[in-house]
Amino acid sequence: MKVLLLKDAKEDDCGQDPYIRELGLYGLEATLIPVLSFEFLSLPSFSEKLSHPEDYGGLIFTSPRAVEAAQLCLEKNNKTEVWERSLKEKWNAKSVYVVGNATASLVSKIGLDTEGETCGNAEKLAEYICSRIAMESVTVYQTIPHPGIQGNLNSYYSQQGVPASITFFSPSGLTYSLKHIQELSGDNIDQIKGPRHSKQNCLQLELLRKDCTDAATMFAAIGPTTARALAAQGLPVSCTAESPTPQALATGIRKALQPHGCC
């Protein structure tokens with residue numbers, strides 16, 4: 001069964017994107033299509049703040065892109081040496097919070113110890129830390145549509161047909177891709193299935209999914225914020241990952257695609 005993930009590929013230490021691997025364990029053939037590109041912003045301001053850990057009670061990295069921004073600041077301003085010599089230790093004496101395991105993994109590569117990655121999503125992390133510290137935010141990147149989004153989606157639908165499910169990884173990813181998906185899906189966009197099906201429809205459902213050209217599509221979200229964005233578009237969410245991890249998403253999609261009440 002084919003599923004579509006609207007995200008860019010990130011290889012792990014095993015040389016494979018972990019979402020593809022985890023979904024494959026459930027017999028799901030996943031394809032990744034990036035829908036976002038990023039532009040870094042305010043790097044001089046961010047670099048200055050990184051140079052003065054004494055002014056802050058800690059760091060919060062909200063995404064892998066935020067970590068990349070920190071790495072750029074260190075590389076472009078020749079601060080790698082002073083980071084290794086003193087700044088890293090000073091920041092490690094404070095709390096460094098992250099949203100999700102992917103961000104935690106990148107933060108560890110610049111030598112910082114993290115906490116909060118097991119909270120599951122940004123909302124729960126905010127609850128975890130808001131009562132502890134006063135915060136100052138710096139916007140270090142903005143999202144823009146990926147230049148290849150329309151062509152990549154056209155190629156996928158023409159070669160593989162309508163997927164059994166589509167997973168969105170952010171509200172902005174939904175915004176930039178939904179129009180193209182609606183145009184490509186045609187009537188299938190109006191045949192979205194919820195996670196539960198009556199017994200009498202189970203056989204019909206399975207037959208439909210063997211032929212992707214006639215299959216109805218189910219929508220999945222990586223977290224509650226993205227799920228709310230889907231709902232705001234009037235689209236039912238069949239699956240919201242319990243945490244932003246490949247394992248949680250694979251489990252949720254498998255459960256949503258599993259017909260209930262079948263023999």
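- Aromatic rings from F168 and F219 are positioned such that their centres are separated by under 6.0 Å.
- S105 contributes no side-chain N or O that, together with a main-chain N or O of N101, makes up a donor-acceptor pair within less than 3.5 Å.
- The OH atom of Y56 lies 4.0 Å from the CD atom of E136; values are rounded to the nearest 0.5 Å.
- Take E117 and apply the side chain to side chain donor-acceptor pair (under 3.5 Å) test, not counting sequence neighbours, and it matches T114.
- Take D17 and apply the side chain to side chain donor-acceptor pair (under 3.5 Å) test, not counting sequence neighbours, and it matches K7.
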Going through the distances and angles, do E29 and V3 end up as a side chain to side chain contact (heavy atoms under 4.5 Å, CB included)?
CA-CA 6 Å; E29 181 184 343; V3 296; over 6 Å; no
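- Residues K124 and C119 approach most closely at CD-O, 3.1 Å, considering heavy atoms.
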Applying side chain to side chain contact (heavy atoms under 4.5 Å, CB included), run through M1 and L257 and close with a yes or a no.
CA-CA 9 Å; M1 192 179 297; L257 291 173; 3.5 Å; yes
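- A distance of 9.0 Å separates OG1 of T217 from CG of L4, quoted to the nearest 0.5 Å.
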As a quick check of understanding, evaluate side chain to side chain contact (heavy atoms under 4.5 Å, CB included) for I144 and L36, giving each step before the final call.
CA-CA 6 Å; I144 57 175; L36 299 176; over 6 Å; no
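- Between the side chain of T226 and the backbone N or O of I222, no donor-acceptor pair lies under 3.5 Å.
- Looking at V35 and F169, their side chains never come closer than 4.5 Å, going by heavy atoms from C-beta outward.
- Side-chain atoms of D55 and K49, non-hydrogen and from C-beta on, never get closer than 4.5 Å to each other.
- Between the side chain of W83 and the backbone N or O of G111, no donor-acceptor pair lies under 3.5 Å.
- One N or O on the side chain of H146 and one on the backbone of G148 form a donor-acceptor pair closer than 3.5 Å.
- N121 has its side chain out of reach of V99: every pair of non-hydrogen atoms, C-beta onward, lies at least 4.5 Å apart.
- Atoms CG and OG1, on L41 and T139 in that order, are 7.5 Å from each other to the nearest 0.5 Å.
- The minimum heavy-atom distance between Y156 and P163, with the atom names listed, is OH-CB, 3.4 Å.
- Within a 6.0 Å radius of CD in E54, other residues, nucleotides and ligands contribute more than 12 heavy atoms.
- Atom-to-atom distance recorded for K88:NZ and L74:CG is 10.5 Å, nearest 0.5 angstrom.
- S155 contributes no side-chain N or O that, together with a main-chain N or O of G151, makes up a donor-acceptor pair within less than 3.5 Å.
- With contacts defined as side-chain heavy-atom distances shorter than 4.5 Å, the pair L5/I33 does not qualify.
- Of the possible donor and acceptor atoms, none in the side chain of T251 sits under 3.5 Å from a partner among the backbone N and O of A248.
- Here the side chains of C73 and K79 are not in contact, with every heavy-atom distance at 4.5 Å or above.
- A continuous path of hydrophobic side-chain contacts links I110 to V82 [ILVMFWY only; heavy atoms under 4.5 Å].
- Counting only distance, with no hydrogens or angles, the side chain of K94 and the backbone of P53 share a donor-acceptor pair below 3.5 Å.
- Rounding to the nearest 0.5 Å gives a distance of 11.0 Å between CG of L6 and NE2 of H180.
- Without hydrogens or angle criteria, N92 side chain to D113 main chain gives a donor-acceptor distance under 3.5 Å.
- L249 and A221 make their closest contact through CD1-O, 4.4 Å (heavy atoms, listed as atom of the first residue, atom of the second, distance).
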Hey, mind stepping through Y157 and V162 against side chain to side chain contact (heavy atoms under 4.5 Å, CB included) and telling me if it holds?
CA-CA 6 Å; Y157 274 77; V162 178; 4.1 Å; yes
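- Around the CD atom of E84, the shell of radius 6.0 Å holds more than 12 heavy atoms that belong to other residues, nucleotides or ligands.
- Summarising the geometry of Y128 relative to G116, their closest heavy-atom pair is CE2-CA, 4.4 Å, with the distance given to 0.1 Å.
- The two atoms that bring Y176 and I149 nearest to each other are O-CD1, 3.3 Å, heavy atoms only.
- Note: the hydrophobic cluster containing V138 also contains V96 (ILVMFWY, side chain heavy atoms under 4.5 Å, direct or indirect links).
- Between F61 and L106 the shortest side-chain heavy-atom distance does not fall below 4.5 Å.
- Within 6.0 Å of atom CD in E89, 12 or fewer heavy atoms from other residues, nucleotides or ligands are found, so the atom counts as exposed in its surroundings.
- Here L72 contributes atom CG and S47 contributes atom OG; the two are 10.5 Å apart, rounded to the nearest 0.5 Å.
- Taking each heavy atom of F40 and R65 in turn, the nearest pair found is CE2-O, 3.5 Å.
- The shortest distance between side-chain heavy atoms of Y141 and E68 does not fall below 4.5 Å.
- With hydrogens and angles disregarded, a donor-acceptor distance shorter than 3.5 Å links the side chain of S170 to the backbone of G173.
- At least one side-chain heavy atom of I20 sits under 4.5 Å from a side-chain heavy atom of L32.
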